[in-house]
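So you know, we letter chains A, B, ... as the sequences are listed, proteins then strands, and number each from 1.
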Number of protein chains: 2
Amino acid sequence: MTLNKLISHFDKYLPLSSKEKEELGDRITEKKIRRRQFILSKYEVCRFYTFIISGLFKMYAVDKNGTEHILQFASENEWISDIGSFHSDKPSRLYIEAIEPSVVLQIEKSNLLYLYTHFPKFDRNFRVIIENKYIELENRVLQNISSTAEERYQTFLEQYPQLSNRLPNTQIASYIGITPEFLSKIRNNISKK
Amino acid sequence: MTLNKLISHFDKYLPLSSKEKEELGDRITEKKIRRRQFILSKYEVCRFYTFIISGLFKMYAVDKNGTEHILQFASENEWISDIGSFHSDKPSRLYIEAIEPSVVLQIEKSNLLYLYTHFPKFDRNFRVIIENKYIELENRVLQNISSTAEERYQTFLEQYPQLSNRLPNTQIASYIGITPEFLSKIRNNISKK
DNA sequence: ATATTATCTTAACATAGATTAAGAGTATTT
DNA sequence: AAATACTCTTAATCTATGTTAAGATAATAT
């Protein structure tokens, strides 16, 4: 059963007690998501933390020209949410869309707050989870302000080798902040070396 | 006394009990930091979370050409740390340097872990603190991959109006990921409008 | 199976931003 | 108060990256 995948995810941090597992199970909903289906759209409030059992998502903004800018990919055993919108209850500027058919577990804000309040272990585990995501983001910012597009692309390939196979280059280009045409040129340069 | 500044900082989240205040006070060290003094250098392990009572710091990497790339500024009532190095005990690639004479409170890892373990409120409060920093960083990444240098500069001025007065433009340029010369050109363009 | 839509590539041209160099103005240090 | 070290600006030139357009291939939907 899919809840077990979430429970073993927490085993990497402070493992849950039976009581905590039960309370968590009672507050979580499983969903199948089709490819290209959205679990968050611009102007909506993000009401869930979504844990991915299987599949792949992207979270992105769309600018005035209609160009997508991908903030995050997330696959199996990762959380995805617009946590700004989630915590402020303000409309999001972001979309979260399934790139592959996916299965997810979702928890609503009121339920998450319940867990935080009654079982401090969730505060602990999510503190550590978000610390790790923070570290990743910091590295990405550093790359963005200090490296060329080619370096960023190489880093992406090294850091997410499995992801790069599952994604079209268009979306990798969007993630590293360049156009698909320029990525194509970069790939051509690399292959000549 | 400076500890009170830290205690009121926590009041914005879940306020501390007297016991928690006492335990916190016992585990924190106050330091005066001179301008240009480093509280973290490359190759050192980052051993502290540093809370700023007064003053201003920058955290940055230096590339092969000797160019600084500023990841973060932090001033009064903010935390600064290389949390990647702090949690992994691995040498940092970053410097944290005082831009102004400063007063800080520092807590060592073992002491922070003690507080986390014995007083779950610290897990809670730091979870929320880092969530907010995560949201800020996400916005910065989005800007970096989707906006021009001029837009990033304008956003910086709007988002940190007080900071922009305390910083030389060189450092603002580094933070938004451009050269000082190009920032100068941008400022010239803006003033012509 | 066909039609449609997305992806990838290439090339010519355009532009944002980097580099180099130099000079003037401000702070900081001695 | 002088000397030194930063900061800011301008301009010329260079380079990384974007834009537009088009064709080829691959994937998806009907």
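In this structure, A:Arg93 does not pair ionically with A:Asp82, as no charged nitrogen and carboxylate oxygen lie closer than 4.0 Å. A salt bridge between B:Glu100 and B:Arg35 is absent, with no side-chain N of the basic residue lying under 4.0 Å from a carboxylate O of the acidic one.
Between A:Ser92 and A:Glu44, the side chains place no donor N or O within less than 3.5 Å of an acceptor N or O (distance only, hydrogens not considered). Side chains of A:Ser184 and A:Glu181: no donor on one and acceptor on the other come within 3.5 Å. For the residue pair B:Ser146 / A:Asp63, no side-chain donor-acceptor distance below 3.5 Å is found, with atom types taken as modelled.
A straight line from CD1 of A:Ile186 to P of D:dT17 spans 6 Å, rounded to a whole angstrom. Atom P of nucleotide D:dT19 and atom CG of A:Asn65 are separated by 8 Å, given to the nearest angstrom. Rounded to an integer number of Å, the gap from CD1 of B:Ile178 to P of D:dA16 is 18 Å. The distance from atom CG of B:Asn189 to atom C1' of D:dT10 is 12 Å, rounded to the nearest whole Å. The CZ-P distance, from B:Arg166 to D:dT7, rounds to 16 Å in whole Å.
For the pair B:Arg27 and B:Tyr114, the distance from NZ or CZ to the six-membered ring centre is under 6.0 Å and the angle to the ring normal is within 45 degrees. In this structure, B:Lys31 is positioned above the aromatic face of B:Phe48, its NZ or CZ under 6.0 Å from the six-membered ring centre and within 45° of the axis.
DNA chain C is contacted by both B:Arg152 and A:Phe182; A:Phe182 maps to the nucleotide lying nearer its 5′ end (nearest heavy atom per residue).
Protein chain A contacts DNA chain C from C:dT7 to C:dT10, reading 5' to 3' and using non-hydrogen atoms of the protein with a distance under 4.0 Å.
From one end of the helix from C:dA1-D:dT30 to C:dT30-D:dA1 to the other, with five pairs defining each end axis, the axis direction shifts by 70° (rounded to 10°).
Between A:Phe73 and A:Phe57, the distance from one ring center to the other does not fall under 6.0 angstrom.
Taking the six-membered ring where tryptophan is involved, the planes of B:Tyr160 and B:Phe156 are tilted, since the angle between them lies from 30° to 60°.
Tested against B:Phe126, the residues B:Tyr49, B:Tyr13, B:Tyr134, B:Phe119 include a single ring pair (Phe, Tyr, Trp, His ring centres under 6.0 Å) partner, B:Tyr49.
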Dump every N/O contact between nucleotides 21-29 of chain D and the protein below 3.5 Å, one line per pair.
none

